[in-house]
> 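I'd like to ask some things about the structure below.
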Amino acid sequence: MLRARLISRDRPDDLSLVLRRLNLSPRNREHLTRELGSAHVLVTGGRPSYEEELVPPYGSKEREKLPTWTPGGHVDHPGEVLLSGSRQQFDRLISLARKSPRTDGLARVLEEVLSPAPLPALTLSGRRFEWGTRTYLMGVVNVTPDSFSDGGSFPDAASAVEHALRLVDAGADILDVGGESTRPGSLPVSAEEELARILQVVEGIKRRSTVPISVDTTKAAVAKEALKAGAHLINDITGFHSDPALAGVVAAAGAACCLMHTQGMPKTMQEAPRYQDVVGEVMDYLEEGMFQATEAGIPRERILLDPGIGFGKTLEHNLFLLRRLEELRGLGQPLLVGTSRKSFLGKLTGGKGPQERLAATLGSVAAMAVLGGADVVRVHDVGETRDALAVADAIRRARGGGDLYGG
Ligand code: 7PM
């Protein structure tokens with residue numbers, strides 16, 4: 001699978017601000033933005049022959065007009081290359097690559113990663129999610145008896161519904177109702193058991209609110225009944241890798257879905273998580289799920305993707321994925337991320353328990369928002385997270401600077 005991964009890029013918005021501060025003419029500013037702005041893009045799954053098809057020999061003047069071409073030496077991954085250059089150099093490579101059907105695929109992935117198309121808005125239950133305007137909030141409503149004392153867990157339907165409505169008052173944009181504990185070490189439950197837990201909760205919420213409802217399940221049988229009861233989104237923590245009938249059920253209902261990455265099953269996933277390239281492998285897995293989804297007829301604008309923080313991952317894997325979220329942007333879908341009260345936060349704060357991880361959760365959410373990461377965060381503490389995001393999102397939006405900087 002040919003893929004371009006944006007490793008780093010300086011911020012053209014911030015850069016143009018500085019050029020304005022230097023009092024350069026608009027024409028010079030535009031020229032310099034293209035010349036100075038640099039990006040580093042890792043291309044994987046390409047053909048080794050790209051180099052001779054596209055790049056003139058070393059030392060030639062023509063070669064200097066293209067990004068620096070650094071081929072990898074991995075025998076298992078031929079054709080891997082790191083491209084580094086200015087926007088102008090990338091544009092030149094893209095127009096060269098467009099000229100032949102053999103290299104046109106490279107032109108397309110480079111174009112997509114350097115100038116991503118805006119994500120189309122999603123409407124659920126009459127609410128519009130306009131991606132890129134702010135970070136949206138998904139509130140957690142667990143209906144599981146083995147609570148793991150995370151505070152988001154309610155054994156009976158009535159108290160789960162009351163909790164759900166409190167989350168709506170606190171500003172939740174969508175609720176995630178789950179009846180199958182996916183906690184590390186937990187065992188699967190039957191579809192009947194899961195349905196008995198969630199159906200009354202979905203119905204109870206719908207009687208009193210129009211909030212969009214997500215149901216956390218890996219089973220087609222559960223999803224079918226939940227969607228019949230009026231759920232709007234299916235959140236599959238195995239990213240359409242468990243039940244082959246699930247994608248069809250979502251498609252038939254015209255519902256949306258969130259596909260999450262996991263390595264292994266909850267019972268054993270934290271025993272020895274291993275990756276060669278955690279970002280690349282998470283992307284491959286999510287792309288496979290997306291293929292199942294679109295084959296079944298789910299439109300792309302109804303698919304969210306999630307790296308699955310804490311699911312078959314060490315502390316370092318979790319941190320690296322959060323740091324590199326922008327690479328997952330290359331998948332071209334809105335991203336949902338769940339860090340709330342997770343054990344990696346406990347580890348980072350000297351062994352705090354789930355109930356004591358609010359501040360740590362807010363730290364993770366703010367860091368993500370500023371790194372340019374998540375479109376939706378899945379949290380237990382909706383009111384507190386909403387305030388943290390009001391600030392973090394505002395700082396992020398100040399990127400353009402308006403007239404404040406030498407206007
Ligand atoms: C114990 C540990 C109980 C962890 C429950 C959990 C995610 C999710 C969960 C996530 C998406 C929790 C998790 N986490 N769905 N379901 N993304 N899409 O914190 O990160 O609730 S279960």
Side-chain angles (χ1 to χ4, degrees), residues 3-6 112-113 115-140 171-176 211-216 231-240 247 250-251 253-262 279 282-294 296-309 311 321-340 364-379 382 385-386 389 392-393 396-397:
R3 179 181 295 138
R5 289 160 61 178
L6 187 60
E112 175 57 32
V113 82
S115 315
L119 297 171
L122 171 67
T123 302
L124 295 174
S125 188
R127 316 272 175 104
R128 246 170 102 81
F129 293 77
E130 292 187 50
W131 309 123
T133 61
R134 68 176 173 93
T135 310
Y136 290 89
L137 287 145
M138 172 184 263
V140 179
D173 297 297
I174 180 169
L175 297 175
D176 188 39
V211 69
I213 301 171
S214 154
V215 166
D216 196 333
H232 306 91
L233 183 148
I234 296 299
N235 176 23
D236 179 5
I237 59 143
T238 67
F240 286 170
V250 172
C257 58
C258 175
L259 309 181
M260 196 191 80
H261 171 271
T262 182
V279 175
V282 165
M283 288 176 84
D284 289 344
Y285 181 101
L286 294 177
E287 202 149 65
E288 166 60 27
M290 239 174 19
F291 180 75
Q292 301 300 327
T294 49
I298 302 171
R300 276 188 74 123
E301 59 270 22
R302 301 186 83 72
I303 306 172
L304 280 73
L305 300 177
D306 182 336
I309 298 302
F311 285 82
L321 278 166
L322 291 172
R323 169 77 210 175
R324 302 294 317 151
L325 262 186
E326 205 158 14
E327 257 182 82
L328 301 191
R329 287 266 154 236
L331 293 166
Q333 300 300 124
L335 301 176
L336 186 151
V337 184
T339 56
S340 188
S364 70
V365 165
M368 272 193 279
V370 169
L371 285 169
D375 296 288
V376 185
V377 290
R378 181 181 177 280
V379 292
V382 170
T385 307
R386 200 167 178 100
L389 281 170
D393 281 346
R396 184 170 164 211
R397 273 193 299 267

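Residues take their numbers from the sequence shown, with the count starting at 1.
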> Please name all residues satisfying side-chain hydrogen bond (donor to acceptor under 3.5 Å, both in side chains) with E326, sequence neighbours left out, ordered by chain then number.
none
> Between G289 and F240, which heavy-atom pair has the shortest distance, and what is it?
O-CD1, 3.8 Å
> Could you report the tightest heavy-atom contact between I303 and A293, atom names first, then the distance?
CD1-CB, 3.7 Å
> Quick check: do Y285 and L259 have side-chain heavy atoms less than 4.5 Å from each other?
no
> Closer than 3.5 angstrom, by distance alone: can the side chain of R378 be matched with the main-chain N or O of S340 as a donor-acceptor pair?
no
> Do you know which of L321, L286, L328, D284 makes side-chain contact (heavy atoms from CB on, under 4.5 Å) with H261?
L286
> Nearest 0.5 Å, please: how far is CG in L233 from CG in D216?
10.0 Å
> Which atoms form the tightest heavy-atom contact between A247 and Q292, and what is the distance?
CB-O, 3.9 Å
> I need the single residue from L137, T385, V337, V370 that forms a side-chain contact (heavy atoms from CB on, under 4.5 Å) with V365. Which is it?
T385
> Taking atom CG of L389 and atom CZ of R396, what is their separation to the nearest 0.5 Å?
10.0 Å
> Grab the two heavy atoms, one from A251 and one from A296, that are nearest each other, plus how far apart they are.
CB-O, 3.3 Å
> So how far is it from D375 CG to D306 CG, rounded to the nearest 0.5 Å?
11.5 Å
> Once salt bridge (Lys or Arg N to Asp or Glu O under 4.0 Å) is applied, do any residues pair with R5, and if so which ones, sequence neighbours excluded?
D277, E327
> By the definition side-chain contact (heavy atoms from CB on, under 4.5 Å), identify the one residue from I174, L304, D176, N235 that meets it with L336.
L304
> So, using side-chain hydrogen bond (donor to acceptor under 3.5 Å, both in side chains) as the criterion, who are the partners of E287 when residues are at least two apart?
R3
> Quick one: does Y136's side chain have a donor or acceptor within less than 3.5 Å of a partner on A374's backbone?
no
> Please round to the nearest 0.5 Å and tell me the distance separating atom CG of D173 and atom CZ of R134.
4.0 Å
> Do you know which two heavy atoms are closest between G139 and A172, and how far apart they sit?
N-CB, 4.3 Å
> Let's go through R329 and L6 carefully: what are the C-alpha distance in whole Å and the side-chain angles of both, what is the deciding distance for side-chain contact (heavy atoms from CB on, under 4.5 Å) to 0.1 Å, and is it a yes or a no?
CA-CA 9 Å; R329 287 266 154 236; L6 187 60; over 6 Å; no
> Give, for atom OG1 of T135 and atom CG of D393, the distance between the pair rounded to the nearest 0.5 Å.
3.5 Å
> Could you walk me through whether L371 and L325 pass side-chain contact (heavy atoms from CB on, under 4.5 Å), step by step?
CA-CA 8 Å; L371 285 169; L325 262 186; over 6 Å; no
> Among all residues two or more places apart in sequence or in another chain, which pass the side-chain contact (heavy atoms from CB on, under 4.5 Å) test with T123?
R128
> Would you please name every residue forming a side-chain contact (heavy atoms from CB on, under 4.5 Å) with R127, sequence neighbours left out?
F129, T210, V211, P212
> Drop me the distance from I298's CD1 to M290's CE, to the nearest 0.5 angstrom.
11.5 Å
> Could you walk me through whether L122 and W131 pass side-chain contact (heavy atoms from CB on, under 4.5 Å), step by step?
CA-CA 8 Å; L122 171 67; W131 309 123; 3.9 Å; yes
> Would you confirm whether E112, through its side chain, and G330, through its main-chain N or O, come within 3.5 Å as a donor-acceptor pair?
no
> Testing the basics here: between A256 and V250, what is the closest heavy-atom pair and its distance to 0.1 Å?
O-CG1, 3.7 Å
> Suppose we screen for side-chain hydrogen bond (donor to acceptor under 3.5 Å, both in side chains). Which residues come up paired with S364, at least two apart in sequence or across chains?
T339
